[in-house]
Amino acid sequence: MTQPYSGRLAIIAGGIGGLGSIIAQRLQANGARLILLYAPFEADRVKPTLERVFTSPDPERVHALQCDITAEVNVNEIFSKVIDAICSDERNPSFPSILVNAAGYVSVQPLEDTTANEAMKNFLPNLLGPFITSNAFFKLYRKHALTLSSSEKPPPGRIISIASQAAHVALEGHGAYCASKAGLLGLTRCQASEWGSHGITSNTISPTVTWTPLAAKAWADEGRKNKHLSEIPTGRFAVPEEIAAAVEFLCRDESGMINGSDLRVDGGFTIR
Ligand SMILES: NC(=O)c1ccc[n+]([C@@H]2O[C@H](COP(=O)([O-])OP(=O)(O)OC[C@H]3O[C@@H](n4cnc5c(N)ncnc54)[C@H](OP(=O)(O)O)[C@@H]3O)[C@@H](O)[C@H]2O)c1
């Protein structure tokens with residue numbers, strides 16, 4: 001049976017992170033070929049993560065590429081040369097139709113103690129990174145769409161960026177992080193508006209706490225963690241598989257009218 005994403009390539013920024021790797025696993029299980037982008041400082045975690053998530057990853061189907069998502073020249077080079085060449089490989093062609101922005105950084109301290117330097121550590125991977133990767137993805141998608149004959153339709157383009165509950169409410173000590181994630185919602189609305197007519201939808205997902213290295217850092221204080229848990233109507237944090245399921249839902253062909261939306265996967269935390 002043909003899988004929904006066979007012949008399609010999914011690019012995942014933050015692809016070896018706690019959420020990114022499980023999102024990648026889900027898309028691959030549904031037939032997608034993968035490009036996992038990782039930051040230079042994560043290089044020593046790539047092999048163990050791939051082995052843990054994919055058991056014995058097929059190098060033809062799972063490519064891990066080092067890429068600084070906050071550096072435009074580096075991103076443009078990786079998308080327009082390396083990823084383009086992988087997609088155009090005649091032995092195993094694939095269409096670059098999915099981008100997931102799942103890299104991120106969080107720091108926790110009161111606003112008045114947050115230096116501009118610390119704020120930038122949040123803004124760069126959480127907002128500027130998706131800005132740059134999405135632009136590069138748009139150009140790559142359009143380039144491949146233009147190579148098709150007039151009778152062929154490209155697979156639908158999908159950009160899914162992981163925002164946060166912090167995009168919607170003020171989380172104590174998360175000022176710079178909240179600002180970066182609220183900005184990501186604004187960016188996504190503009191992508192949806194400008195690129196919908198080019199066959200690409202853009203949406204965000206706003207998870208509550210989902211236990212990953214990032215969450216363990218942000219919620220290290222046991223008292224704060226338990227207080228937050230008590231404020232979530234479903235009474236628990238999310239698991240990465242629930243975020244991956246929401247991403248995969250937005251990637252589907254039948255989700256093509258969902259554009260510029262935010263899907264909250266927060267157990268109802270932000271409704272009150
Ligand atoms: N987990 C949650 O509770 C939660 C809730 C809401 C939203 N989110 C969002 O979901 C996304 C994924 O988070 P996660 O929980 O999977 O965290 P994670 O496990 O820390 O994964 C994030 C990945 O991004 C990488 N990264 C950090 N700075 C980067 C940079 N400058 N350039 C490129 N990559 C960089 C991290 O590398 P290092 O590990 O080396 O830093 C890590 O591999 C983030 O945008 C996060 O804000 C997470």
Side-chain angles (χ1 to χ4, degrees), residues 11-26 35-50 52-53 64-72 74-75 78 99-108 117-134 159-169 171 174 176-185 187-188 204-220 224-225 228-229 232 236-244 246-247 262-267 269-270:
I11 302 159
I12 297 153
I16 67 154
L19 294 185
S21 58
I22 301 302
I23 293 166
Q25 186 187 54
R26 177 135 189 157
I35 301 277
L36 309 180
L37 302 180
Y38 64 90
F41 50 80
E42 297 179 87
D44 58 351
R45 289 213 315 272
V46 173
K47 195 162 176 280
T49 304
L50 292 185
R52 179 170 45 80
V53 175
L65 301 178
Q66 184 170 303
C67 178
D68 179 356
I69 58 161
T70 68
E72 193 170 36
N74 185 214
V75 171
I78 295 283
L99 171 68
V100 182
N101 287 307
Y105 178 87
V106 64
S107 56
V108 182
N117 189 38
E118 191 57 36
M120 284 306 278
K121 286 189 195 166
N122 290 262
F123 299 163
L124 288 173
N126 298 354
L127 182 54
L128 185 69
F131 187 98
I132 295 173
T133 54
S134 300
I159 298 175
I160 292 117
S161 298
I162 310 299
S164 169
Q165 59 184 6
H168 300 276
V169 294
L171 285 185
H174 284 66
Y177 184 75
C178 287
S180 69
K181 293 297 186 178
L184 188 55
L185 300 193
L187 172 67
T188 300
T204 47
I205 288 178
S206 285
T208 186
V209 177
T210 313
W211 216 247
T212 64
L214 181 137
K217 176 186 175 194
W219 300 95
R224 281 184 60 246
K225 176 180 148 191
H228 189 47
L229 202 46
I232 300 175
R236 65 176 177 84
F237 293 147
V239 293
E241 286 73 12
E242 291 171 311
I243 312 307
V247 170
D262 177 70
L263 177 53
R264 301 184 197 197
V265 187
D266 67 359
F269 171 64
T270 58

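Atoms within a ligand are numbered from 1 in the order they appear, just like the ligands themselves.
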Does the N or O separation between [X] and ligand 1 drop below 3.5 Å for any pair?
X	result
Ala39	no
Ile16	no
Ser164	no

Among all protein heavy atoms in this structure, tell me which lies nearest to [atom], with the distance rounded to 0.1 Å.
atom	result
atom 21 (O) of ligand 1	Gly17 CA, 3.4 Å
atom 28 (N) of ligand 1	Phe41 CZ, 3.6 Å
atom 31 (N) of ligand 1	Pro125 CB, 3.6 Å
atom 39 (O) of ligand 1	Arg45 NH2, 3.0 Å
atom 15 (O) of ligand 1	Thr212 OG1, 2.5 Å
atom 32 (N) of ligand 1	Ile69 CG1, 3.7 Å
atom 8 (N) of ligand 1	Tyr177 OH, 3.5 Å
atom 17 (O) of ligand 1	Leu214 CB, 3.1 Å

As a check for students: among [options], identify the option with a heavy atom nearest to [atom].
atom	options	answer
atom 4 (C) of ligand 1	Ile162, Thr208, Thr70	Thr208
atom 22 (C) of ligand 1	Pro130, Gly14, Gly104	Gly104
atom 44 (C) of ligand 1	Gly15, Ala103, Pro40	Ala103

In this structure, does ligand 1 have an atom that sits under 4.0 Å from one of the heavy atoms of [X]?
X	value
Ala102	yes
Lys181	yes
Ala163	yes
Val209	yes
Thr210	yes
Asn101	no

If only atom types and distance count, is the side chain of Lys181 paired as donor or acceptor with the main-chain N or O of Ile162 below 3.5 Å?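 Yes, because the side chain of Lys181 sits within donor-acceptor range (under 3.5 Å) of the backbone of Ile162.
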Could you check His168 against Asp266 for side-chain hydrogen bond (donor to acceptor under 3.5 Å, both in side chains), going step by step and ending with a plain yes or no? CA-CA 11 Å; His168 300 276; Asp266 67 359; over 6 Å; no
Side chain to side chain, Thr208 and His228, heavy atoms closer than 4.5 Å: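 The answer is yes, as the side chains (C-beta and beyond) meet within the 4.5 Å cut-off.
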